[in-house]
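First the proteins, then the strands, lettered A, B, ... as listed; each starts at 1.
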2 protein chains.
Amino acid sequence: MKKVDLAACPVCSKLEIDDEGAFLDDLKCTIKVYSKNDLIIRQGDLCDALHMLTQGSVKTEMIAENGNILGIEIIKAPRPLAPAFLFSDNNHFPVDVTALEEVEIMKIPKAEIMRLMMTNSDFMSSFMTHNANRTQFLTNRLQLLSIKTIKGKLAHFLLENSYGDGKPFIINRNQTQLAEFFGVARPSLARSLSEMVQDGIISINKKEYTILNPKGLRELLV
Amino acid sequence: MKKVDLAACPVCSKLEIDDEGAFLDDLKCTIKVYSKNDLIIRQGDLCDALHMLTQGSVKTEMIAENGNILGIEIIKAPRPLAPAFLFSDNNHFPVDVTALEEVEIMKIPKAEIMRLMMTNSDFMSSFMTHNANRTQFLTNRLQLLSIKTIKGKLAHFLLENSYGDGKPFIINRNQTQLAEFFGVARPSLARSLSEMVQDGIISINKKEYTILNPKGLRELLV
DNA sequence: ACAAGAGTGTAACAACTGTTACACTTTAAT
DNA sequence: ATTAAAGTGTAACAGTTGTTACACTCTTGT
């Protein structure tokens with residue numbers, strides 16, 4: 001098994017560990033491996049251990065009562081999955097988590113996390129900051145969803161993901177995934193995109209987007 | 001000034017304090033008072049101290065680039081405002097906060113919170129849990145916003161707020177606030193409501209709602 | 001009791017989005 | 001290299017929502 005790169009993990013990077021192996025042995029954790037497209041976590045599952053994604057990448061999505069899918073995010077190792085929910089009064093996962101490739105998950109019991117937090121202030125600080133950043137992310141998602149038109153969402157999203165210099169940039173989602181991210185129907189998204197291209201506001205080449213008319217794009221926010 | 005009811009505060013309740021006055025003196029905090037409709041915090045303001053709402057109630061809302069308003073929640077004292085953002089890398093408030101009545105806010109410096117967390121594991125635990133519950137709340141908001149039809153949002157919302165026994169229940173928001181909560185236009189919401197009343201699915205008397213046909217209501221989710 | 005403001009009900013129309021369907025292109029697997 | 005699967009472009013139509021406008025009711029303060 002490939003060694004876990006703790007230094008790259010937003011909540012573990014501050015752990016000063018001489019021997020990672022010993023540290024991991026010390027944690028009473030279990031490790032599980034999944035294949036591509038495996039459903040790792042189901043919406044509503046009990047969340048009583050920190051699920052650390054140590055290898056691979058996953059997608060998270062919420063499934064509404066009516067079957068509509070809202071894509072939340074794509075997560076690459078190493079990163080904890082929904083760490084905040086470990087401490088909530090209703091500790092159930094709010095999302096489905098699906099493997100996008102070969103994936104390895106390390107489950108660390110809640111008590112171990114508590115112990116780490118109390119004995120290591122750097123870990124606690126990192127954990128707090130990571131959760132705070134997750135909240136920030138959710139807030140951004142809320143803002144995006146509250147925009148009523150698809151072109152408005154696109155404008156907000158593209159402006160946020162561009163460098164602001166008119167240079168091309170990559171959006172690492174296909175149309176179907178983008179539509180799920182926005183919570184809209186795929187053909188509707190395609191229509192909006194092609195109209196924006198026709199109007200000369202943007203150009204698209206596969207996953208490479210270019211903003212041709214920033215002013216026009218900003219006007220779509222209104 | 002009325003004494004602050006620390007025991008009722010979700011993050012302070014676990015503090016075992018003999019003399020609240022001494023404790024509060026000890027904290028290097030500042031207290032500010034606001035009048036009804038005062039804008040207490042503006043979206044984007046720096047968040048470098050924990051804002052504790054000690055008296056009164058406030059509403060929080062996000063204002064989009066286009067001026068559209070998305071109501072987030074109504075907060076009653078005692079409760080911290082956006083505590084998670086104190087620790088985020090981009091520590092700016094994501095919402096406008098407006099006083100709904102006479103309001104008193106206590107600002108506690110970040111360093112004081114850090115100190116409290118490290119010296120008092122109960123406080124830390126409460127703080128974590130509170131933040132986790134806030135995340136849960138935001139996730140529910142996301143789910144609600146991802147429902148595409150207004151009647152679907154209403155069905156989700158009413159089912160969540162009823163007791164499931166067909167008895168009347170109070171929704172403590174007027175139509176305008178509900179529309180902002182759903183991120184839809186007020187007349188559109190009114191139309192959906194009146195159609196649902198005409199169809200015999202619900203009945204409304206001021207802020208008192210009754211579900212007459214739960215099955216019909218659930219079908220609106222589809 | 002009255003006036004002013006806030007909140008609600010409703011209508012007509014425009015604008016936007018979802019649905020469904022199908023042809024076409026690209027990618028991945030064998 | 002071939003085939004299957006995934007992804008994209010597009011169209012017509014129905015359905016839902018936003019916009020604007022106005023009358024009306026209810027609440028609140030004086």
Results of side chain to side chain contact (heavy atoms under 4.5 Å, CB included) for B:Pro214 - residues two or more places apart only: B:Ile211, B:Arg218

Sidechain-backbone polar pair: B:Asp38 side chain, B:Ser35 backbone, donor-acceptor under 3.5 Å: yes

B:Thr54 side chain to B:Pro78 backbone, donor-acceptor under 3.5 Å: no

A:Leu220 CG to C:dT17 C1', straight-line distance once rounded to whole Å: 16 Å

Taking N or O atoms only and anything under 3.5 Å, show me the protein contacts with nucleotides 28-30 of chain D, one pair per line.
none

Residues in contact with DNA chain C, drawn from residues 146-160 of chain A - heavy-atom cutoff 4.0 Å: A:Lys148, A:Thr149, A:Ile150

For DNA chain C, the residues among residues 173-188 of chain B that have a non-hydrogen atom under 4.0 Å from it: B:Asn174, B:Gln175, B:Thr176, B:Arg186, B:Pro187

B:Thr30: side chain to side chain donor-acceptor pair (under 3.5 Å) partners, not counting sequence neighbours: none

For atom NZ of B:Lys36 and atom C1' of C:dA6, their distance in whole Å: 11 Å

Partners passing side chain to side chain donor-acceptor pair (under 3.5 Å) against B:His51 (at least two apart in sequence or in another chain): none

Could you list the donor-acceptor pairs under 3.5 angstrom formed between side-chain atoms of residues 81-97 of chain B and any protein atom two or more places apart in sequence or on another chain?
| unit_1 | atom_1 | unit_2 | atom_2 | d |
| --- | --- | --- | --- | --- |
| B:Ser88 | OG | A:Gln136 | OE1 | 3.2 |
| B:Ser88 | OG | B:Phe85 | O | 3.3 |
| B:Ser88 | OG | B:Asn90 | O | 3.0 |
| B:Asp89 | OD2 | A:Asn133 | ND2 | 2.8 |
| B:Asn91 | ND2 | B:Cys47 | O | 3.3 |
| B:His92 | ND1 | B:Gly44 | O | 2.8 |
| B:Asp96 | OD1 | B:Gln43 | N | 2.6 |

Backbone of B:Ile201 reached by a side-chain donor or acceptor of B:Asp199 within 3.5 Å: no

Strand-adjacent residues in residues 192-212 of chain B, judged by heavy atoms under 4.0 Å from DNA chain C: B:Ser194

Whole angstrom value for the distance that separates P of C:dT17 from CG of A:Leu189: 10 Å

Relative orientation of the end axes in the helix from C:dA1-D:dT30 to C:dT30-D:dA1, expressed as an angle to the nearest 10° (five pairs per end): 60°

B:Asn68 CG to D:dT17 C1', straight-line distance once rounded to whole Å: 13 Å

Non-neighbouring partners of A:Ser57 that pass side chain to side chain contact (heavy atoms under 4.5 Å, CB included), sequence neighbours left out: A:Lys76, A:Leu100, A:Glu101

Donor-acceptor contact present, side-chain B:Ser188 to main-chain B:Val184, <3.5 Å: no

A:Asn161 side chain vs A:Leu158 backbone, donor-acceptor pair below 3.5 Å: no

side-chain contact (heavy atoms from CB on, under 4.5 Å), paired with A:Ile202, selected from A:Val197, A:Leu212, A:Asn213: A:Val197

Side chain A:Asn205, main chain A:Glu208, donor-acceptor under 3.5 Å: no

Residues in side chain to side chain contact (heavy atoms under 4.5 Å, CB included) contact with B:Ile69, at least two apart in sequence or another chain: B:Glu61, B:Ile63, B:Glu180

Extract all donor-acceptor atom pairs below 3.5 Å that involve side chains of residues 143-157 of chain A and protein atoms in other chains or at least two apart in sequence.
| unit_1 | atom_1 | unit_2 | atom_2 | d |
| --- | --- | --- | --- | --- |
| A:Ser146 | OG | A:Gln143 | O | 2.8 |
| A:Thr149 | OG1 | A:Gly152 | N | 3.0 |
| A:Lys151 | NZ | A:Glu195 | OE1 | 2.8 |
| A:Lys153 | NZ | A:Leu145 | O | 3.4 |
| A:Lys153 | NZ | A:Ile147 | O | 3.1 |
| A:His156 | ND1 | B:Glu65 | OE2 | 3.3 |

Nearest-0.5 Å distance, NZ of residue A:Lys32 to NZ of residue A:Lys107: 4.5 Å

